[in-house]
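Start at 1 and go down the list; that is how both ligands and their atoms are numbered. The residues of the chain are indexed from 1 along the displayed sequence.
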Amino acid sequence: MNAAPKQIVVLIKFVADIERIPQDAWDTERGTLRRDRLHMIANPLDDRALQMALELKARFGSRVIAVSMGPAAAEEVLRRAVAYGADEAHLISDAAFAGSDTLATAHTLAAALTAILGDRRREETVFLAGMQSPDGDTAQVPLQIASLLDLPVIPHASELVFPAERPHGFGINTVLADGTRLFHVERPPALVTLTGYAPMPPAFLPLSRLIEAGTAQIRQWSNADLGLPRDRTGLSGSWTRVVQIFSPDAGHREAVRLDLGGPVADDARLKQILTELETYVKSGSGAVKDSDTPEEAASASEAYYQGECLIVCEPEGTSVSAGSRELVSAGRRLARRLGVGNTACVPETGPRLDTETLSACGADTIVVLCPGAGAPESGSWREEQLAEALGELIRRRRPQIVLIPASLHGRVVAPLLAARLGAGLTADCTGLGIRDFTGTVEGKRAVFGQVLHQTRPALGGNIMATIVSLRGHENGSPQMATARAGIFPEERHTGAVAPVERVVCSPQSAPDHIRVVRTLHDAGGGPADSIERCDVLISVGAGLGDARRVETLARPLAEAIARRWNVTVGVACSRAAMEKGYLPHAVQVGQTGKTVRPRVYIAIGISGAIQHRVGMEGAGRIVAVNRDPEAPILGWSDIALLGDAAEVVPRIIRLLSA
Ligand code: FAD
């Protein structure tokens with residue numbers, strides 16, 4: 001088979017610019033977006049996918065096919081793709097597709113891609129898309145398409161490489177929670193989702209190209225061409241239903257401003273602020289609150305779903321990750337409410353598993369997922385293989401709720417699994433509760449007793465949505481949700497140690513044309529886990545100006561606070577700082593990093609973009625050190641220390657050390 005991809009399909013989503021959302025953009029009745037009120041752009045990560053496609057085209061001479069699904073206005077992003085060098089463009093657009101949730105969108109796109117390729121072979125095609133888009137930020141659709149079309153996935157791509165020692169194919173470097181993983185693609189097919197990669201160059205295109213793109217043919221596809229049934233697309237074909245939309249609590253904070261730029265050092269006021277912060281940190285446990293959980297009303301209705309709660313845990317040493325333990329505790333609360341068991345499922349990694357801790361967190365049963373004869377060791381399963389093994393387990397056990405940590409790894413496994421099971425999935429939940437849902441489904445009004453209400457932020461944290469999964473139940477599919485670490489509290493209960501069941505699963509072997517050739521784990525940055533657990537977090541942005549200042553300013557500040565206040569302190573960063581190499585991705589805060597809720601968050605040289613804000617706005621107190629009095633972060637900080645970081649930070653250290 002030819003190593004060079006004959007065609008490269010790039011998925012380009014036409015999305016709302018979350019930096020500019022008008023008040024009336026949501027139709028709260030239907031739970032859908034009024035797109036005509038929004039400023040629309042090409043998803044920035046899809047733009048990067050286009051950039052990668054054009055580099056592959058330059059190398060292999062592949063044909064680049066740009067595809068978008070959306071309203072007629074989405075033609076705009078396709079014409080732009082043609083101007084840059086895409087060879088053909090397709091728009092999938094029909095009122096029948098409106099209101100599709102992620103799985104219904106994936107079904108529609110999978111059918112459309114099959115139709116668009118026609119006689120061209122999928123085995124000679126590479127598919128590229130951004131990992132997520134800023135509006136929904138679910139990171140589900142491309143992976144679900146991969147599952148439906150049976151394509152191997154390369155998630156979280158950040159770099160395209162052509163190593164001299166491997167003349168065939170190409171390499172894709174990807175981001176892991178604590179490092180990087182390099183794949184080599186000997187030949188297609190593959191579906192690559194991008195987390196980073198070079199942004200599109202500024203559009204200084206020759207006029208002739210722009211004119212050509214303006215008149216290029218955009219092939220239109222409606223449901224008359226695809227013939228999707230009502231139960232596969234649109235609102236009627238969606239697995240999930242939006243119950244309500246509401247404004248997030250966290251909003252404007254009135255910052256106490258202290259200008260530290262002038263010649264007169266206001267040390268007394270700064271000292272007082274530090275003392276108040278110390279008192280505040282010590283007055284709380286540092287534990288996070290489960291703030292968005294919908295109130296649980298008593299229900300006399302018959303439960304719509306049956307079965308246990310099953311929590312997919314990520315092994316870490318002899319135990320599981322903090323995010324997994326928190327979900328086991330959240331699962332216990334739901335299971336007690338439903339009167340069912342709470343099972344923790346852990347892929348086997350070594351001889352000893354700390355069953356005591358998992359039991360104390362709330363597991364009634366522990367299932368260890370073991371590889372069967374011929375399968376690779378479970379520690380080396382790729383995400384597709386884990387999704388396959390979990391699918392096998394879930395079909396056997398038939399849980400009603402499946403919770404998965406929204407780590408980088410879990411955000412890949414969960415959509416693959418949901419597509420396999422035909423189950424609704426809600427990503428990055430900040431609240432989980434059991435309530436009845438009364439709604440109209442298939443034209444009939446009905447009460448769905450004791451279903452999982454899943455609350456999550458959308459549109460970059462501008463709104464909150466509560467969602468239920470109503471479909472799939474007839475086939476025994478569960479309600480599925482993911483949550484980031486630091487959202488739910490980890491509980492400790494006394495009681496018996498949960499029994500352990502070993503379940504053998506044998507997923508298919510990973511495709512041999514896409515190999516992992518190198519995995520590197522970061523050395524620096526401190527324990528990645530700690531940024532989600534510490535009392536105080538020092539977070540640095542591009543405004544720090546120099547990587548060496550992490551060692552000369554941020555870490556000394558962390559040490560001074562830890563010593564003086566006797567609390568745990570971590571060091572984190574913004575994405576811009578991560579991209580400049582100040583700190584690894586494992587400690588990046590925000591939409592494409594981690595969610596943190598420390599008692600005190602000290603942002604040094606961070607402007608406060610919405611993608612950063614969604615990862616840290618749950619902090620108890622936000623302190624911003626910034627030299628720009630107009631920086632957006634000051635609009636939602638409690639304390640603004642105005643001045644140059646190189647002067648402000650040493651002053652704080654000096655006061656703490658006095
Ligand atoms: P800048 O925006 O460059 O801000 C630097 C700040 O430092 C400015 O406010 C400036 O006034 C201040 N400053 C400069 N010099 C000094 C000095 N000497 N002393 C004091 N202050 C100084 N970003 C994230 O952080 N996390 C994410 O997870 C994330 N995900 C993203 C996902 C997508 C799809 C996209 C498109 C973007 C994402 N971003 C994310 C990027 C985000 O939009 C911003 O670009 C980024 O947060 C900016 O980082 P920054 O504030 O450190 O840098």
Side-chain angles (χ1 to χ4, degrees), residues 13 15-20 41-49 129-139 156 158 175 177 193-200 259-261 406 408 411 428 457 459-461 484 531 537-547 549-550 552-554 557 572-596 601-617 622-637 640-652:
K13 190 175 175 192
V15 294
D17 183 350
I18 58 167
E19 310 268 2
R20 287 188 275 168
I41 54 169
N43 174 20
L45 288 177
D46 293 344
D47 250 0
R48 295 179 180 206
M131 184 72 197
Q132 72 258 40
S133 53
D135 53 348
D137 190 26
T138 64
H156 301 296
S158 60
V175 175
T193 63
L194 282 88
T195 292
Y197 201 59
M200 288 296 282
D259 194 339
L260 296 168
L408 280 196
R411 279 165 72 93
D428 290 342
L459 281 180
R484 292 189 182 203
I531 74 160
L537 198 55
I538 314 290
S539 194
V540 300
L544 201 66
D546 188 334
R549 289 191 174 157
V550 173
T552 58
L553 296 180
L557 177 60
C573 67
S574 71
R575 175 151 164 174
M578 185 277 292
E579 282 174 352
K580 285 176 178 290
Y582 295 179
L583 282 163
H585 181 265
V587 295
Q588 180 197 311
V589 172
Q591 187 192 349
T592 43
K594 295 204 159 132
T595 300
V596 292
Y601 188 85
I602 304 180
I604 304 173
I606 293 180
S607 57
I610 184 107
Q611 296 92 349
H612 187 79
R613 179 178 172 175
V614 294
M616 45 65 77
E617 64 191 347
I622 297 171
V623 181
V625 178
N626 204 299
R627 68 176 179 192
D628 175 7
E630 301 298 321
I633 194 166
L634 305 184
W636 36 276
S637 296
L641 301 179
L642 295 171
D644 193 313
E647 288 162 21
V648 175
V649 175
R651 255 173 87 178
I652 300 175

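Expressed to the nearest 0.5 Å, how far CD1 of Ile531 lies from CE of Met616 amounts to 12.0 Å. To the nearest 0.5 Å, the span separating CD1 on Ile538 from OH on Tyr601 amounts to 10.0 Å. Between the CG atom in Asp47 and the CD1 atom in Ile41 there is a gap of 8.5 Å [rounded to 0.5 Å]. To the nearest 0.5 Å, atom SG of residue Cys573 and atom NZ of residue Lys594 are 10.5 Å apart. Gln591 contributes atom CD, which lies 8.5 Å from atom CZ of Arg575 (distance to the nearest 0.5 angstrom). Separating the CD1 atom in Ile652 from the CG atom in Leu553 is a distance of 10.0 Å, to the nearest 0.5 Å.
At a threshold of 4.5 Å between non-hydrogen side-chain atoms, the residues His612 and Ser539 count as touching. Leu641 has its side chain out of reach of Ile602: every pair of non-hydrogen atoms, C-beta onward, lies at least 4.5 Å apart. A 4.5 Å side-chain heavy-atom check between Met131 and Arg48 finds every atom pair outside the cut-off.
With hydrogens left out, the protein atom closest to atom 3 (O) of ligand 1 is Ala542 CB, 3.7 Å, a heavy atom. In terms of protein heavy-atom proximity, atom 35 (C) of ligand 1 is nearest to Gln611 NE2, 3.8 Å. Atom 21 (N) of ligand 1 has as its closest protein heavy atom Arg627 N, 3.3 Å. Counting only heavy atoms of the protein, atom 2 (O) of ligand 1 lies nearest to Ser607 OG, 2.8 Å. Looking only at protein heavy atoms, the nearest one to atom 18 (N) of ligand 1 is Asp644 OD1, 3.1 Å. Taking atom 23 (N) of ligand 1 as the reference point, the nearest protein heavy-atom neighbour is Arg575 CB, 3.2 Å. Nearest protein heavy-atom neighbour of atom 30 (N) of ligand 1: Thr592 OG1, 2.7 Å. Shortest contact from atom 50 (P) of ligand 1 to any protein heavy atom: Ser574 OG, 3.5 Å.
Protein heavy atoms are absent from the space less than 4.0 angstrom from atom 45 (O) of ligand 1.
Contact annotation: for Leu544 versus ligand 1, there are no heavy atoms closer than 4.0 Å. Looking at Gln588 against ligand 1, only its side chain comes within 4.0 Å, counting heavy atoms. For Ala609, every heavy-atom contact with ligand 1 shorter than 4.0 Å involves the side chain, none the backbone.
The contact set between ligand 1 and Gly541, taken as ligand atoms under 4.0 Å from a residue heavy atom, comprises 52 (O). Every atom of ligand 1 with a heavy atom of Ala576 under 4.0 Å away is listed here by number and element: 48 (C), 49 (O), 50 (P), 52 (O), 53 (O). Each of the atoms 19 (N), 20 (C) of ligand 1 lies under 4.0 Å from some heavy atom of Gly643. Ligand 1 places these atoms under 4.0 Å from at least one heavy atom of Gly593: 28 (O).
Between Ala645 and ligand 1, an N or O atom pair is found at a separation short of 3.5 Å. Distances between N or O atoms of Ala631 and those of ligand 1 include no value under 3.5 Å.
Counting all heavy atoms, side chain and backbone alike, Val614 lies closest to Gly590 at CG2-C, 4.5 Å.
Asp428 places no side-chain N or O within donor-acceptor distance of the main-chain N or O of Thr138, the cut-off being under 3.5 Å.
Of the options Val649, Ile604, Leu544, a side chain to side chain contact (heavy atoms under 4.5 Å, CB included) to Arg549 is made by Leu544 and by none of the others.
Counting only non-hydrogen atoms, the option in Leu642, Asn626, Val589, Asp628 that gets closest to atom 9 (O) of ligand 1 is Asn626. Considering Gly615, Gly543, Gly590, Gly605 only, the shortest heavy-atom separation from atom 16 (C) of ligand 1 involves Gly543.
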